[in-house]
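Notes for the one structure printed next.
Each ligand, and each atom within it, is numbered from 1 in the order the structure gives. Nothing here was measured: the structure is a model prediction, and the numbers come from that model. Heavy-atom basis, side chains included; hydrogens, waters and symmetry copies ignored. All residue numbers in this chain count up from 1 along the given sequence.
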Amino acid sequence: MIDPRSPDRAVLARAGALIRAGRLVAFPTETVYGLGANALDAEAVSRIFDAKGRADDDPLIVHLAAVEQVADVARDVPTSARALGAAFWPGPLTIVLPKRSNVPDRVTAGLPSVAVRVPDHPIAFGLLDAAGLPIAAPSANLFTRISPTTAQHVVDDLGERVDLILDGGPTSHGIESTVVDASGGSVRLLRPGAVPAEEIARVLAALESPVPLEHGLSARSASPGLMKKHYAPSARVLFFSGPAEVAREALRAAGERELAQGHRIGLLICDEDAASLDALGAAIFERLGPCADLPEIASRLYAGLRTLDAAGVDVICVREFGPAGLGLAILDRLTRAANHHVIHVR
Ligand code: TXA
Ligand code: MG
């Protein structure tokens with residue numbers, strides 16, 4: 001374990017040397033753990049795909065130590081992207097931009113664009129700084145599995161496949177960066193994440209020539225791995241979407257049915273919901289924090305899914321936490337965890 005407040009320079013120097021030598025280093029960011037390699041070395045980047053079992057057509061995010069380095073990997077950066085970078089970097093926003101030719105096709109899955117972000121974590125910064133290179137890194141989980149929020153999660157998924165794991169303790173946001181595409185004149189939300197869409201829209205609206213934040217996938221951006229099953233635990237996930245009260249009641253009824261059928265069930269719930277679900281005493285309760293505290297719920301979501309999975313439950317019951325703010329990213333990840341079989345209640 002490395003102290004994130006004053007990371008050991010010798011460890012970072014060794015990690016940076018491994019990156020320069022084409023090896024894989026897993027490292028904490030403020031969102032989730034990443035599996036990093038030299039972004040300018042196609043062979044090193046191939047090792048990421050091999051270690052994760054990741055589909056070749058799913059492009060990677062290029063991580064940079066500082067905003068000024070964006071010009072090293074991207075070109076024609078629009079005013080909108082500059083404003084977003086100024087507002088949110090270092091931080092959990094990823095911006096897709098037209099790529100420079102020095103970025104290998106392996107990184108971008110052959111796309112003419114590259115996704116970049118400047119992470120806000122002292123160990124990630126220390127690694128980028130020591131390597132002196134841009135680092136391509138997806139989340140450090142096996143493909144289709146839940147993103148890792150602790151070093152132990154990385155060990156559980158990838159173990160020996162990684163040359164070094166930098167343990168910086170649990171990550172703070174616990175959910176991936178928000179991805180926007182600014183490569184084609186407009187700005188489009190590709191993946192809701194740790195920066196709420198409302199905050200991005202606010203920055204774009206304040207521009208001298210305001211730009212709307214478009215939602216939904218365009219034909220142009222639909223390709224890269226975004227529609228696939230993702231973030232899936234082994235247990236069956238029953239995800240109830242709708243107003244809190246109705247969703248909680250539907251969850252309770254489904255839980256009772258599952259228990260009556262002899263299934264082992266896990267409840268992924270916020271604190272105040274626990275009281276009204278005591279009829280499900282036989283279930284395993286995994287609490288995510290106060291129902292109104294979305295940052296806390298997001299930060300504990302993946303670890304909660306992994307804990308219930310490891311406990312060997314057959315079914316995980318969970319409800320929506322609203323579509324606003326971080327709720328949108330939570331809703332997106334739970335929809336994927338449920339393999340798109342969302343149970344809508346009104
Ligand atoms: O918080 C995060 O973003 C973490 C940490 C490690 O930085 N990384 C992460 O990477 O979540 P990954 O590979 O699990 O997700 C990257 C997302 C994918 O949905 C991918 O399709 C999208 O970014 N992406 C990457 N390059 C793209 C491009 N050129 N055009 C459109 N989407 C792109
Ligand atoms: Mg991922």
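By the 4.0 Å heavy-atom criterion, L60 is counted among the residues contacting ligand 1. Put simply, part of L190 is less than 4.0 Å from ligand 1, judged by heavy atoms.
Of the listed residues (P148, A124, A115), the one carrying the non-hydrogen atom nearest atom 26 (N) of ligand 1 is A115. Around atom 11 (O) of ligand 1, the closest heavy atom drawn from H121, H173, R191 belongs to R191. Of the candidates D58, T31, V180, the one placing a heavy atom closest to atom 1 (O) of ligand 1 is T31.
Near H63, meaning under 4.0 Å from any of its heavy atoms, are these atoms of ligand 1: 5 (C), 6 (C), 7 (O). Contact atoms of ligand 1 toward S139: 8 (N), 9 (C), 10 (O), 12 (P), 14 (O) (distance under 4.0 Å to a heavy atom of the residue). Every atom of ligand 1 with a heavy atom of E176 under 4.0 Å away is listed here by number and element: 1 (O), 2 (C), 11 (O). If you number the atoms of ligand 1 from 1 as listed, the ones under 4.0 Å from a heavy atom of L111 come out as 28 (C), 29 (N), 30 (N).
Between L60 and V45, the closest side-chain pair of non-hydrogen atoms falls below 4.5 Å.
The shortest non-hydrogen separation linking P92 to E30 is N-OE2, 3.2 Å. Here the closest heavy-atom approach between residue G85 and residue I95 is recorded as N-CD1, 4.0 Å. Here the shortest heavy-atom pairing between A232 and R145 reads O-NH1, 3.7 Å. Of all non-hydrogen atoms in L128 and H63, the two that sit nearest each other are CD2-O, 3.2 Å. Scanning all heavy atoms of the two residues, the minimum distance from R252 to L280 falls at O-CD2, 3.8 Å. Taking every heavy atom of both residues into account, R20 and L133 meet most closely at CG-CD1, 3.8 Å.
Counting heavy atoms under 4.0 Å from ligand 1, residue T108 does not touch it at all. Only the side chain of R117 comes within 4.0 Å of ligand 1, judged by heavy-atom distances. Here R54 has side-chain heavy atoms under 4.0 Å from ligand 1, and that is the only part of it that gets that close.
The main-chain N or O of D314 is never found under 3.5 Å from a side-chain atom of R236 such that the two would form a donor-acceptor pair. Without hydrogens or angle criteria, N339 side chain to H341 main chain gives no donor-acceptor distance under 3.5 Å.
At a threshold of 4.0 Å, the pair E176-R333 counts as salt-bridged, since one of the basic side-chain nitrogens sits closer than that to a carboxylate oxygen.
At under 3.5 Å, a nitrogen or oxygen of S113, whether backbone or side chain, sits near a nitrogen or oxygen of ligand 1. Polar contact with ligand 1: absent for K52 (N/O pair, distance under 3.5 Å).
The Mg ion (ligand 2) has an N, O or S atom of S139 under 2.8 Å away, backbone or side chain.
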